[in-house]
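We count ligands from 1, going down the list as the structure has it; atoms in each ligand are counted the same way.
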Amino acid sequence: MSAELFREMTQSILDGDDEVSVELAKKALSAGIDSLTIITDGYMPGVKEVGDAFACGDAFLPELVMAGEAMKAAVAVLEPTMKASGQARKILGKVVLATVEGDIHEIGKSLVGTMLTSSGFEVYDLGVDVPTADLLAKVEEVDADILGLSALLTTTMIKQKEVIDEIAKRGLKVMVMVGGAPVTEEWVQRIEADGYSEDAVGAVEIAKKLVGAK
Ligand code: B1M
């Protein structure tokens, strides 16, 4: 039953149909399927397919926009369950999180924020397209342990480096975790980030290690 449901979810993203993606998310939740499994096995294959089709010119911006909206709407249905599954406990650390300046991709960044919140972190999600100065002002204001920087474009990844350089210049004591589809281990080493994960589950593990290491 799940396999068929997941195929329909993938199709709803390919169709850019947010009504269907939302209905399927509700259906899967009532069938007792875990939210993260729904996202990774149901919706992510659709987003990947649209992204790949866009990259080789088989899909265009409107398709990308509609796929993004359908994915966002489904995640909005699933997020409360993910947050609710986190138990009340001691705050593990404070995380300021954002997508870097010039980049408006928000879905992955928000998923990381939800996972961190449900795992016991206090998350200040500043949204997308956030200038370096605003990020660092928030880090100082809340005395953050970790600054999480998401970037989905090869043209905006460079902002992750800009932020890290500025942190060093100001002598701020905050760990930087980076992520986003184009980010690689090689890039992480080059910009001297403290942590990197390729997905939201891994981001929680890295964040836990970082606060332990601080
Ligand atoms: Co855009 N887009 N997009 N897009 N888009 C990509 C990223 C692209 C790979 C598509 C492609 O060509 N194959 C391509 C980038 C190419 C490149 O630079 N290498 C691209 C492009 C080119 C563009 C525009 C330039 C298109 C244009 O205008 N000509 C434009 C840029 C706008 C801007 O930002 N300035 C653009 C716009 C958009 C939309 C607005 C239409 C829409 C976003 C809607 C929204 O977010 N509200 C959109 C979408 C939907 C995509 C794809 C299809 C899907 C992204 C997504 O939401 N994935 C994407 C193709 C792809 O990724 N295959 C594409 C689902 C999400 C759950 O995954 O974001 O990877 P992801 O997050 C993951 C991990 O990466 C990781 O954990 C998350 C959960 O597992 N992670 C972190 C993310 N952040 C992390 C932070 C961490 C740790 C882990 O620590 C802090």
Side-chain angles (χ1 to χ4, degrees), residues 9-10 13-14 16 18 21 35-76 78-79 82 93 95-117 119 121 123-130 135 139 144-160 163-164 174-185 187-188 191 193-210:
M9 286 169 175
T10 303
I13 301 298
L14 298 177
D18 57 353
S21 70
S35 292
L36 209 57
T37 309
I38 300 173
I39 291 171
T40 43
D41 295 357
Y43 298 111
M44 288 291 275
V47 159
K48 183 174 181 323
E49 202 175 319
V50 173
D52 291 348
F54 180 78
C56 60
D58 289 338
F60 299 96
L61 195 55
E63 277 121 303
L64 205 61
V65 173
M66 287 171 71
E69 289 303 315
M71 173 88 188
K72 217 173 106 181
V75 170
L78 300 167
E79 266 181 340
M82 291 162 78
V95 182
V96 170
L97 180 68
T99 302
V100 296
E101 188 172 17
D103 196 325
I104 61 168
H105 293 87
E106 67 172 332
I107 300 168
K109 178 269 303 162
S110 300
L111 259 182
V112 169
T114 302
M115 291 301 294
L116 288 171
T117 303
S119 305
F121 286 89
V123 177
Y124 300 84
D125 186 338
L126 303 190
V128 298
D129 189 16
V130 183
L135 285 167
V139 163
D145 300 290
I146 299 174
L147 173 59
L149 301 171
S150 183
L152 264 285
L153 300 169
T154 41
T155 48
T156 57
M157 274 163 74
I158 191 73
K159 286 282 169 190
Q160 294 177 331
V163 176
I164 289 171
V174 64
M175 304 275 191
V176 179
M177 174 165 71
V178 295
V183 176
T184 59
E185 284 288 358
W187 172 249
V188 174
I191 64 173
D194 300 294
Y196 154 69
S197 163
E198 62 179 17
D199 59 35
V201 175
V204 173
E205 291 316 308
I206 299 295
K208 284 181 180 169
K209 276 195 194 139
L210 290 181

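Close approach to Ile104 involves these atoms of ligand 1, each under 4.0 Å from a residue heavy atom: 32 (C), 33 (C), 34 (O), 40 (C), 46 (O). Those atoms of ligand 1 with a heavy atom of Gly179 less than 4.0 angstrom away are 82 (C), 84 (N), 85 (C), 86 (C), 87 (C), 88 (C), 89 (C), 90 (O). Within ligand 1, the atoms closer than 4.0 Å to a non-hydrogen atom of Ser197 are 88 (C), 89 (C), numbered from 1 in the order shown. Atoms of ligand 1 found under 4.0 Å from any heavy atom of Val65 (numbered from 1 in listed order, with element): 41 (C). Atom numbering of ligand 1 starts at 1 in the shown order; those under 4.0 Å from a heavy atom of Met44 are 65 (C), 67 (C), 68 (O). Within ligand 1, the atoms closer than 4.0 Å to a non-hydrogen atom of Glu106 are 45 (C), 46 (O), 47 (N), numbered from 1 in the order shown. Each of the atoms 76 (C), 77 (O), 80 (O) of ligand 1 lies under 4.0 Å from some heavy atom of Asp199. If you number the atoms of ligand 1 from 1 as listed, the ones under 4.0 Å from a heavy atom of Gly148 come out as 91 (C).
Put simply, no part of Val50 is less than 4.0 Å from ligand 1, judged by heavy atoms.
When only interatomic distances are considered, the shortest N/O to N/O separation between Gly68 and ligand 1 does not fall below 3.5 Å. Ligand 1 has no nitrogen or oxygen under 3.5 angstrom from a nitrogen or oxygen of Glu69. Residue Thr155 places no N or O, backbone or side chain, under 3.5 Å from any N or O of ligand 1.
Taken to the nearest 0.5 Å, the CG atom of Leu126 stands 12.0 Å off from the CG atom of Asp129.
Glu79 contributes no side-chain N or O that, together with a main-chain N or O of Ala76, makes up a donor-acceptor pair within less than 3.5 Å.
Less than 4.0 angstrom separates atom 53 (C) of ligand 1 from at least one non-hydrogen atom of the protein. Counting only heavy atoms, the protein gets under 4.0 Å from atom 27 (C) of ligand 1. Under the 4.0 angstrom criterion, atom 9 (C) of ligand 1 counts as lacking any protein heavy-atom contact. Checking atom 24 (C) of ligand 1 against the protein gives no heavy-atom contact under 4.0 Å. For atom 59 (C) of ligand 1, no protein heavy-atom neighbour is found at a distance under 4.0 Å.
For Thr156 against Val100, the heavy-atom pair with the smallest separation is O-CG2, 3.5 Å. Shown here for Val75 and Leu111, the closest heavy-atom pair between the two residues is CG1-CD2, 4.4 Å.
The closest side-chain heavy-atom distance from Met175 to Asp145 is not below 4.5 Å. Two residues are said to be in side-chain contact when any heavy atoms from C-beta on lie closer than 4.5 Å; Leu149 and Lys159 fail this criterion.
At a heavy-atom distance under 4.0 Å, no atom of Ile39 approaches ligand 1. Under 4.0 Å from ligand 1, heavy atoms of Ala55 appear from its side chain as well as its backbone. For Val112, every heavy-atom contact with ligand 1 shorter than 4.0 Å involves the side chain, none the backbone. Counting heavy atoms under 4.0 Å from ligand 1, residue Val201 does not touch it at all.
Comparing heavy-atom distances from atom 66 (C) of ligand 1 across Ala67, Ser110, Gly102, Gly108 singles out Gly108 as nearest.
Taking atom 11 (C) of ligand 1 as the reference point, the nearest protein heavy-atom neighbour is Gly51 O, 3.4 Å. For atom 16 (C) of ligand 1, the closest heavy atom belonging to the protein is Leu153 CD2, 4.4 Å. Closest to atom 56 (C) of ligand 1, if we only count protein heavy atoms, is Val47 CG1, 3.9 Å. Annotation: atom 5 (N) of ligand 1 to nearest protein heavy atom, His105 NE2, 3.1 Å. Shortest contact from atom 12 (O) of ligand 1 to any protein heavy atom: Phe54 CD2, 3.2 Å. Looking at atom 84 (N) of ligand 1, its nearest protein heavy atom turns out to be Ser150 OG, 2.7 Å. For atom 74 (C) of ligand 1, the nearest non-hydrogen atom of the protein is Glu198 O, 3.3 Å.
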